[in-house]
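As structure tokens, the structure follows; a few thoughts come after it.
The first residue of the sequence shown is numbered 1, and numbering continues consecutively from there. Computed from a prediction, not measured in an experiment: that's the story for all the values here.
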Amino acid sequence: MGNTIQHGRSSNRVYLLKLGSSPDVAARSLSDIALAEGYSKVIAKVPEVMLDAFKAQSFEEEVRVPNMYAHRGDGVFVAKYLMPERRDEPLGSTFESVRILAQKKANESCKELPAGYAITPLQKKDVPEIVDLFQQVFKKYPFPVHDATFVEQTMNEGTHYWGARFEGQLVALASAEVDSGVKNVEMTDFATLPEHRSTGLASALLAEMESAMRTMGIMTAYTIARAISPGMNITFARAGYTYCGRLPNNTCIANGIESMNVWSKKLMAL
């Protein structure tokens with residue numbers, strides 16, 4: 001099985017989502033793609049047992065997720081910067097303020113789902129609504145969620161979607177990208193229409209997804225949230241997620257390439 005890689009001009013990076021070849025070969029391949037395309041960052045998500053192979057080729061550890069890979073230990077996000085300025089974070093103090101605020105609110109209770117809303121799993125028949133909501137919420141996104149074919153493909157490959165409906169209309173959604181082989185899940189793609197924000201829908205969606213993941217035997221959940229966004233960081237802190245670190249200038253979302261915080265939570269014991 002080969003490596004699962006995503007790359008493009010928008011995030012100006014190569015991203016190894018899943019390692020399929022030897023770590024030595026993968027590290028060289030990622031660097032070769034970045035050099036050929038002129039990207040300024042390479043990022044890889046790998047088991048800790050593969051870390052030395054990447055470090056030997058000038059990758060650095062940025063974030064560590066405890067017990068990300070069942071029976072194989074922690075997961076590590078490693079990065080290589082091909083342009084030094086890609087590391088610079090002029091908003092670094094703001095990111096720290098957001099993290100501190102989120103962690104201070106960790107013991108606060110989550111809001112109850114307001115009356116009139118219902119959380120339900122989404123199916124292929126819902127893809128047009130999913131795409132429409134993504135188009136309304138995200139002008140830019142690191143993956144082509146504005147494309148119905150792509151969304152349906154993710155469903156075929158094991159991503160599960162949940163939505164919040166109000167009077168029958170889809171007003172919020174999120175997805176769970178499951179890696180059943182190593183029993184982890186990325187909680188991602190949280191999108192809520194502006195007029196339905198501050199109602200606790202993200203927390204309700206997250207709780208529903210966690211329950212489903214436990215039923216599936218998934219042991220570790222994690223997320224990659226915008227470091228500038230208090231709302232999503234607070235949502236995960238309140239839900240019992242632990243801050244794992246920050247990925248500098250990592251992802252094209254909203255107004256451009258942004259730094260991202262990683263949070264994780266143990267759903268079940270090994």
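- The backbone N or O of N67 sits less than 3.5 Å from a side-chain atom of D74, completing a donor-acceptor pair.
- Hydrophobic clustering (side-chain heavy atoms under 4.5 Å, transitive across Ile, Leu, Val, Met, Phe, Trp, Tyr) groups M216 together with Y69.
- Side chain of S211 to main chain of E208: no donor-acceptor pair is present (N/O by atom type, distance under 3.5 Å, no hydrogens or angles).
- Side-chain contact check for V131 versus F150: every heavy-atom pair is 4.5 Å or farther apart.
- Side-chain contact between P66 and K266: absent, with no pair of heavy atoms (C-beta onward) separated by less than 4.5 Å.
- Taking 4.5 Å as the limit, some side-chain heavy atom of I224 sits within range of a side-chain heavy atom of F77.
- For the pair Y222/F236, no side-chain contact is recorded, criterion being any heavy-atom separation below 4.5 Å from C-beta on.
- Side-chain N or O atoms of K80 include none that pairs as donor or acceptor with a backbone N or O of S31 at under 3.5 Å.
- By the neighbour-count criterion of 12 heavy atoms within 6.0 Å, atom CG of D88 is densely surrounded, having more than that number from other residues, nucleotides or ligands.
- Atom-to-atom distance recorded for L82:CG and R86:CZ is 10.0 Å, nearest 0.5 angstrom.
- Side-chain atoms of D147 come within 3.5 Å of backbone N or O of T149 as a donor-acceptor pair.
- Among all heavy-atom pairs drawn from K105 and R238, the shortest one is O-CG, 3.2 Å.
- Residues T223 and M232 fail the side-chain proximity criterion, which asks for heavy atoms closer than 4.5 Å.
- Ion pairing of K18 with E177 is absent here, as no side-chain N (NZ or NE/NH1/NH2) approaches a carboxylate O to less than 4.0 Å.
- Among E89, R246, R226, the one residue that satisfies the side chain to side chain donor-acceptor pair (under 3.5 Å) test with S259 is E89.
- Ring-plane geometry between F166 and Y117 is classed as tilted, the angle between the planes lying from 30 to 60 degrees on a 0 to 90 degree scale.
- Judged purely by atom type and a 3.5 angstrom limit, H146 uses its side chain to pair as donor or acceptor with the backbone of F138.
- The two residues L206 and A239 make their nearest non-hydrogen contact at CD2-CB, 3.6 Å.
- Residues passing the side-chain hydrogen bond (donor to acceptor under 3.5 Å, both in side chains) test with T251, sequence neighbours excluded: R13.
- Annotation for A164 and L201: closest pair CB-CD2, 4.1 Å, computed over non-hydrogen atoms.
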Donor-acceptor contacts under 3.5 Å from residues 181-192 side chains, at least two apart:
from	atom 1	to	atom 2	distance (Å)
N184	ND2	M68	O	2.8
D189	OD1	Y141	OH	2.6
D189	OD2	S175	OG	2.7

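- Residues R72 and P47 come closest through the heavy atom pair NH2-CG, 3.8 Å.
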* With side-chain hydrogen bond (donor to acceptor under 3.5 Å, both in side chains) as the test, would you mind laying out the steps for N156 and E152 before giving the verdict? => CA-CA 6 Å; N156 292 335; E152 188 165 329; 4.9 Å; no
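- Follow the hydrophobic side-chain contacts under 4.5 Å out from F95 and you never reach M260; the two are in separate clusters.
- Put simply, the side chain of R64 never gets that close to the backbone of G245: no donor and acceptor are under 3.5 Å apart.
- A distance-only check finds a donor-acceptor pair linking the side chain of K41 to the backbone of P248 [under 3.5 Å].
- Of all heavy-atom pairs between L267 and I218, the closest is CB-O, 3.6 Å.
- Hydrophobic clustering, with ILVMFWY side chains joined whenever heavy atoms are under 4.5 angstrom apart, keeps V25 apart from I5.
- No side-chain heavy atom of M213 sits under 4.5 Å from any side-chain heavy atom of M268.
- F143 and I257 are assigned to two separate hydrophobic clusters, defined by single-linkage of ILVMFWY side chains at heavy-atom distances under 4.5 Å.
- Hydrophobic clustering of Ile, Leu, Val, Met, Phe, Trp and Tyr side chains at less than 4.5 Å, counting indirect connections, keeps I234 apart from L205.
- Put simply, the side chain of K111 does not reach to within 4.5 Å of the side chain of T199, judged on heavy atoms.
- Residue N12 comes nearest to G38 through the heavy atom pair OD1-O, 3.8 Å, listed as atom of the first residue, atom of the second, then distance.
- Side chain of Q57 to backbone of D24: a donor-acceptor contact under 3.5 angstrom is found.
- Between the CZ atom of R214 and the CE atom of M209 there is a distance of 12.0 Å, given to the nearest 0.5 Å.
- The backbone N or O of S93 lies less than 3.5 Å from a partner atom in the side chain of S97, making a donor-acceptor pair.
- In this structure, D126 and L170 have side chains that are not in contact, with every pair of non-hydrogen atoms separated by 4.5 Å or more.
- For D179 and K45, the salt-bridge test fails: no basic side-chain N is under 4.0 Å from an acidic carboxylate O.
- Crowding of E112 atom CD: a count of heavy atoms from other residues, nucleotides or ligands under 6.0 Å not exceeding 12.
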